[in-house]
Protein chains: 2
Amino acid sequence: MELRQLKYFLKAKELLNFTEAANSLNISQSTLSQQIKQLEDELQISLFNRIGKRITLTEAGALFSGFALQSISKANEGFQLLKDLNNLNTGKIAIGVTYALRDILTQTVIEFNTKYPEIEFEIVFGTSKELIEKLNHFELDVILTFEEIITENHFKYQALFTSPMTLVTATESALKNKKSISLKDISKLSLALPAKGYSTTQFISDAFAKSKLHPKVAIEINDIPTLLELVKSGNWYTILTQTTIKNEKGISCIPIEGKNMTRTAMIISIKEVYEKKAVKVFLDILKSLL
Amino acid sequence: MELRQLKYFLKAKELLNFTEAANSLNISQSTLSQQIKQLEDELQISLFNRIGKRITLTEAGALFSGFALQSISKANEGFQLLKDLNNLNTGKIAIGVTYALRDILTQTVIEFNTKYPEIEFEIVFGTSKELIEKLNHFELDVILTFEEIITENHFKYQALFTSPMTLVTATESALKNKKSISLKDISKLSLALPAKGYSTTQFISDAFAKSKLHPKVAIEINDIPTLLELVKSGNWYTILTQTTIKNEKGISCIPIEGKNMTRTAMIISIKEVYEKKAVKVFLDILKSLL
DNA sequence: AGCATCAATCGATAAAACCGATTTGTAAAA
DNA sequence: TTTTACAAATCGGTTTTATCGATTGATGCT
């Protein structure tokens, strides 16, 4: 059992196709086939079912894959630690972020980059659900999102700031002079909301359910800039945290009445995983900008 | 970076001597030297300082070794899981135990072995300190001991039963008719106690300190059967949990007065590590015997 | 039936892990 | 200081194995 074989196995598991996996790994199909077989021989159990010309993962393969991933990850974390030890002249930060936190992220990336121009970024926008999935697969170092209802034990949470939930309107709206608005009043309006999966949408539907109200949802959409365009048209309203529309023109926001109508921005990372020095510095800059 | 190299590295780290490490690994010193060098080249950092003819671990080596161990352990845990998946016809249980729990261990091992004769045992008697050290190095699957003052976050603790602290005397002792005894009275007696490192000794000295008393410790000894022989002579007394001397002949015990004069037997294992099926079954049998 | 696809297998090659012998460098002993 | 002993590094050669391309065999699709 070698790390090489574990890598091969995981790629084959991911694609469930030896030929494609071999291409992806830049080895021949024959090599991959042999190495998987060798691993199976050593483990004395099949990792894949060969059903005709297609393969599926066995129960053993499914159970084993978690450990294989952990084994590789630990080795990589060790490697990463050594790189960091030298300096911040190399490396990559992978950050997941919800659209609402775009502004603070952008500021931080710009400032970080002037100080450490060699560090690469991978920035992934997505729903909380998608980001947490990626975090769990070690595809992201850290994510920035709002607090979740369910907290997971192996995550580390750091609160950043709170932001009120607001009704977002076109600037020239009938409601433009209101200082605040109730959920009941909102339930009379035609709404365009972020798609399910966005934590904001979950939060809103929970809030309405608690008040035994039903929002009029005319549009669900999974792209926030487009959502804002729709709102600017004046035909619909939406509900977002105030932070989301900071620096946006042509729209205004009205705080929603009621306690607990605020959300807390969070940094989420995996507890037991070594935190890259570059990530630490990045987060320090982020916090200093608040 | 391959698991093979990580294993070589860890053995070299352990022995801090390439020649001995190579022997222990059944490879030549030249191979070990080359493989370590190759690993260092890949990691672009030295893992060992070569000071003359002797080697020491660098800071990088020390930091990296934890990840190397984790990487290997995760791979091994995956392997173990697959073995367990098949059956309980193979495998090994490594148990650490303090002498006090010898009786319950023995019963469990006997019963387990009649059901699963293929499973091997490695049984290590030692002080709590020694056992916890071994548990942390993945040399033991589980340990049986009394509760510690300090609990560690990455351990899982399962309470088994409580046992009173007792003064142990030769059966034909001047104290034989006493139903209980105070710490103050004990402080007048000549004691033989288990060596430092035994959790019982720690517990006793704490108890005396709280009562501002000083025990008369005539003998410290790191072997419990011998300790009991000394007590049987009638020249000394000792303090042990009642469980420890269950089924021992020629000695009697007198409960010690005062609250908190009991200890709780514990199963301790590492939280995040996969628990072997055989270990689970073993512990189930152990609990059923209580 | 014929074709396309994919994993397994075969034989050959290139890479690498490995070994024994030797060298180099240091520390301890004389 | 010189000698001796020891331990890691290096060298050249051998063995092992990872890899490849080509082929085979089995399956699903048209």
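Naming convention: chains lettered A, B, ... in sequence-line order (proteins, then strands); numbering from 1 in each chain.
Rounded to a whole Å, the CG atom of Leu3(B) is 16 Å from the C1' atom of dA17(C). Atom P of nucleotide dA7(C) and atom CD of Gln35(A) are separated by 16 Å, given to the nearest angstrom. The separation between Glu2(A) atom CD and dA18(D) atom C1' is 12 Å, rounded to whole Å. Going from atom NZ of Lys37(B) over to atom P of dT24(C) covers 17 Å, rounded to whole Å. Straight-line distance from the CD1 atom of Ile36(B) to the C1' atom of dA17(C): 14 Å, rounded to whole Å. Rounded to whole Å, atom P of dC20(D) lies 11 Å from atom CG of Asn23(A). Atom-to-atom, CD of Glu40(A) to C1' of dA7(C) comes out at 12 Å; the value is rounded to the nearest Å. In this structure, Asn49(A) atom CG and dT27(D) atom C1' are separated by 16 Å, rounded to whole Å.
Each of Gln5(A) and Ser30(A) has a nearest nucleotide on DNA chain D; the 5'-most of these lies closest to Gln5(A).
With respect to Ser128(A), the side chain to side chain donor-acceptor pair (under 3.5 Å) criterion is satisfied by exactly one of Glu148(A), Glu133(A), Gln202(A): Glu148(A).
Thr56(A) and Asn49(A) share a donor-acceptor pair across their side chains, judged by distance under 3.5 Å alone.
Counting atom types as modelled, Gln29(B) pairs a side-chain N or O with a base atom of dA9(D) as donor and acceptor under 3.5 Å.
Of the candidates dC20(D), dT10(D), dC19(C), the closest approach to any side-chain atom of Thr31(B) belongs to dC19(C). Listed nucleotides: dA17(C), dT9(C), dA9(D). Nearest to the side chain of Gln38(B): dA17(C). Side-chain proximity of Ser33(B) to the nucleotides dT10(D), dA7(C), dT9(C) is greatest for dT10(D). Comparing dA22(D), dA8(D), dT19(D) by their nearest atom to the side chain of Gln34(A) picks out dT19(D). Side chain of Arg4(A), nearest nucleotide from dA17(C), dA18(D), dC6(C): dA18(D).
In summary, the aromatic rings of Phe79(A) and Phe64(B) are positioned with their centroids too far apart to meet the 6.0 Å limit. In this structure, Phe282(B) has its ring center no closer than 6.0 Å to that of Tyr116(B). For Tyr198(B) and Tyr99(B), the ring centers sit 6.0 Å or farther from each other.
Residue Asn17(A) has no polar side-chain atom (N or O) positioned under 4.0 Å from OP1 or OP2 of dT5(C).
Among the heavy atoms of the strands lying under 4.0 Å from Tyr8(A) are primed sugar atoms or P, OP1, OP2 only; no base atom is included. At the heavy-atom level, Ser28(B) lies under 4.0 Å from base atoms of the strands shown.
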